[in-house]
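As the structure lists them, so they are numbered: ligands from 1, and atoms in each ligand from 1.
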Amino acid sequence: MKVLVVGSGGREHALCTMCTKSLEVSEVFVAPGNPGMKKSLPKLNIVNIEQTQVEELLNFALNEKIFLTIVGPEVSLAAGIVDEFRKNKLLIIGPTLKASQLESSKTFAKEIMKKANVPTANYQEFFSSYEAISYIESLPDQVTQKMVIKCDGLAQGKGVIVCLSKSEGVKAVNDLMINKILGFDVSHIIIEDFLEGSELSAFALCDGEDFTFFGTACDHKRLRNNDQGPNTGGMGVYSPANSLDEMDIQFINEKIFLPTLKTMKDEGVPFTGILFAGLMKTKLGIKVIEFNVRLGDPESQALLPLIEDDMVDWFLAAAKCQLKEFKKVSRKTSPKFKNMKAVHVVMAAYGYPGTEGISIRSGDDLIFSPEFNLSPNDYLFYAGVMKNIGHEFLQTKGGRILGVTSLAETYTFARSQAYNNISKIQFEGAQYRSDIGQGLV
Ligand code: AMP
Ligand code: GLY
C-alpha cells in the first residue's frame, strides 16, 4: 500500500516515520516534505508539490495509485483537499471544508459546542467595536476583570488576545477592529470568559460516526522559559498530559468528543480526521478552549512515537469509516500506547516567531557534534531546513528548524535525554526553551 503524507514540518516527519514502520505500507511519499526527512528515512519519496496545490496532489495520487493520504496542515484542509480526494474516491485522513469550520470559525465551533452541551467558556458575539466596547464597559467594575477576545476566521494563531483588565479589553477591540493590527478587516469578534487552570490537548481519530481516543499532550506555546515572550506555534511538548486521570479521559471522551461528533453528524457535517481539543482543566472541571481539526505540531511529534500499535491500521479504518468494526475485530477501544513518557524540544531560528520586530534568520549550517547519537527511543524530526546542491550541511530555512523527542520510563529521564541530544546540535542564533517538562517526574 502506498501512502502520501501532505505537509513539510516536524509533524509530517513524525507521520512519515510511523508510516514507514507500518507492515501495511510499501512506499511512503511526502509532499512537499523537507530534505531533513531523508536523513532518517532514506527510502522516503519527496514529491515536489506544495501542500496547497490540491489539483496537482490529486493527479499525483491518482497516477501513483496512492491508497491512503494523510493531511498534516490546516492550509491543505482549507484548500479543500479532502473534498477533492473524496470526490475521486480516494481514502484520506482529514475533515471536509465544511467540517473544518470547527477550527476556522470560532463562532461555528461555539455553536456546535452549545448544541452538543460541551463545556466551554461563556461568550458573547459582536459585529461592531461600539457594541463590544459597550459590553466590556458594562462588566463588573473590577480592575482585574479578565477576558479573552477572539476574531472569527483563521488568523495563524494571532487572532486571540488574552486581556487581564477591562482597559486591555477595550484596547484589544480597538486594535483588532479599528486599527486593524492583523493587517485585515475584523468585523466579527467574540469575547469570552477567561478560564483559569492547566492547559492541555486531547486528540480523537474520527470517521464521521465513531471515534477513538488518540492521546494527550501539553504544548509550551510561549517562546521563552517560564511561559514568557511571544506566542509561537509551540516550542516543546510532553505527552501524555500529566494532569489527567482515568476519570478525566472518560469525561473527555463522553462529554467532549462523543457529543461533538454526534452533533456534527446531526447538523449534516460529519467530522472525519483528527479532532484536536485544546482544553483547560479548571477548578470547575475540564472545558474546551478551542477545537483544531488536525494533529498538533509539535504535539504529534511527542504523541505519535508513543503509539505501540500500527498507526496505519487505525488511520485506514478511520478513512474507510470502519472504526466501529475495527475496534470489534481488534478488541481494542483505542490504540495501544507504550507505557512511557515523551518529551519533545524544538529548536527555532533566531528572530522566530517574527513578532518582536527582528527578522527571522535563515541560511545557517546545522552542525552536529561527533557525540550526537540517537538511541532507539530518540527521534530527530526536521521542519524548516533546506539543502543546497554541493553544500555539505543542511541549512536553516527560518521558523521552527527541528525538534528532538525522547521516550523514557519517566518524564525526568525523557527530558534529560532530549536535552542531551539538543546540546549536540548547533546553528547560529538557535533558540530553544530549557524548561520543557521541567518539574515532572
Ligand atoms: P486559541 O487560538 O483559541 O487556542 O487561543 C490561544 C491561546 O489563548 C490558548 O492556547 C490559551 O492559552 C489562551 N486562551 C484562549 N481562550 C482562553 C480562555 N477562554 N481562557 C484562558 N485562556 C484562553
Ligand atoms: N501546537 C499547536 C498547534 O498545532 O496548533
Side-chain angles (χ1 to χ4, degrees), residues 7 9-12 14-15 71-78 100 102-110 113 118-124 144-164 168-169 172 176 182 189-203 215-223 227-239 241 274-284 286-304 344-346 348 353 355 381 383 399-400 403 433 436:
R11 165 182 49 204
E12 289 74 27
L15 281 166
V71 186
E74 225 286 320
V75 283
S76 310
L77 299 169
S100 302
L102 264 189
E103 173 165 354
S104 63
S105 166
K106 305 269 183 210
T107 48
F108 178 86
K110 283 290 195 187
M113 283 190 258
V118 164
T120 184
N122 291 326
Y123 73 105
Q124 307 271 337
T144 54
Q145 176 73 52
K146 296 178 184 171
M147 70 196 81
V148 183
I149 303 195
K150 303 186 174 185
C151 65
D152 208 34
L154 287 178
Q156 280 144 16
K158 288 182 266 179
V160 174
I161 306 182
V162 177
C163 307
L164 304 180
E168 280 190 31
L176 287 171
L182 295 182
I189 59 164
I190 66 174
I191 302 183
E192 68 177 37
D193 293 350
F194 179 84
L195 299 173
E196 198 114 38
S198 58
E199 207 174 328
L200 65 121
S201 313
F203 298 84
T216 61
C218 273
D219 194 6
H220 295 58
K221 289 198 171 109
R222 300 298 195 99
L223 180 67
D227 294 331
Q228 301 296 308
N231 256 322
T232 71
M235 293 299 290
V237 65
Y238 58 84
S239 177
I274 300 278
L275 184 55
F276 163 170
L279 305 172
M280 191 74 88
K281 187 171 178 181
T282 74
K283 278 188 194 140
L284 299 173
I286 295 172
K287 298 191 180 193
V288 175
I289 298 174
E290 61 157 359
F291 282 126
N292 294 314
V293 297
R294 55 187 167 75
L295 279 168
D297 191 0
E299 289 88 336
S300 50
Q301 300 183 59
L303 197 152
L304 294 175
H344 174 84
V345 181
V346 171
T355 48
F381 295 127
R400 290 180 288 181
R433 280 179 62 157
I436 308 299

Out of all atoms in ligand 1, which are within 4.0 Å of some heavy atom of Lys150? Include the element for each.
3 (O), 15 (C), 16 (N)
State whether the side chain of Arg294 and the backbone N or O of Pro73 hold a donor-acceptor pair below 3.5 Å, judged by distance alone.
no
Under 4.0 Å between heavy atoms, the region of Asp193 that gets near ligand 1 turns out to be backbone
Would you tabulate the polar-atom pairs, meaning N/O of ligand 2 against N/O of the protein, with distances under 3.5 Å, reported to 0.1 Å?
unit_1, atom_1, unit_2, atom_2, d
ligand 2, 1 (N), Asp219, OD2, 2.8
ligand 2, 1 (N), Gly233, O, 2.9
ligand 2, 1 (N), Asp297, O, 3.0
ligand 2, 1 (N), Glu299, OE1, 2.9
ligand 2, 1 (N), Glu299, OE2, 3.3
ligand 2, 4 (O), Arg294, NH1, 3.0
ligand 2, 4 (O), Asp297, N, 2.9
ligand 2, 4 (O), Asp297, O, 3.4
ligand 2, 5 (O), Arg294, NH1, 3.4
ligand 2, 5 (O), Arg294, NH2, 2.8

Within ligand 1, which atoms have a heavy atom of Lys221 less than 4.0 Å away?
10 (O)
The one among Met147, Glu290, Glu196 that brings a heavy atom closest to atom 1 (P) of ligand 1
Glu290
Kindly say whether Glu290 contributes a backbone atom to a donor-acceptor pair with the side chain of Lys106 at under 3.5 angstrom?
no
Considering only heavy atoms of Glu192, which atoms of ligand 1 have at least one such atom less than 4.0 Å away?
16 (N), 17 (C), 18 (C), 19 (N)
With heavy-atom distances below 4.5 Å as the criterion, would you say the side chains of Asn292 and Glu74 are in contact?
no
For the backbone of Leu195 and the side chain of Thr282, can you confirm whether one donor and one acceptor N or O come within less than 3.5 Å of each other?
no
Are Asp227 and Arg433 close enough that some pair of their side-chain heavy atoms sits under 4.5 Å apart?
yes
Can any side-chain N or O of Arg400 pair as donor or acceptor with the backbone N or O of Thr232 at less than 3.5 Å?
no
Please indicate whether any nitrogen or oxygen in Met280 is less than 3.5 Å from any nitrogen or oxygen in ligand 1.
no
Sub-4.0 Å heavy-atom approach of Lys146 to ligand 1:
no
Side chain, backbone, both or neither: Val160 near ligand 1, heavy atoms under 4.0 Å
side chain
Phe108: which residues meet the ring pair (Phe, Tyr, Trp, His ring centres under 6.0 Å) condition with it, sequence neighbours left out?
none
Is there a donor-acceptor pair under 3.5 Å between the side chain of Glu103 and the backbone N or O of Ser100?
no
Can you list the ligand 1 atoms lying under 4.0 Å from a non-hydrogen atom of Lys106?
2 (O), 3 (O)
Check: Met147 and Asp193 side chains under 4.5 Å, non-hydrogen atoms
no
Is a side-chain donor or acceptor of Ser201 paired with a backbone partner of Cys218 at a separation under 3.5 angstrom?
no
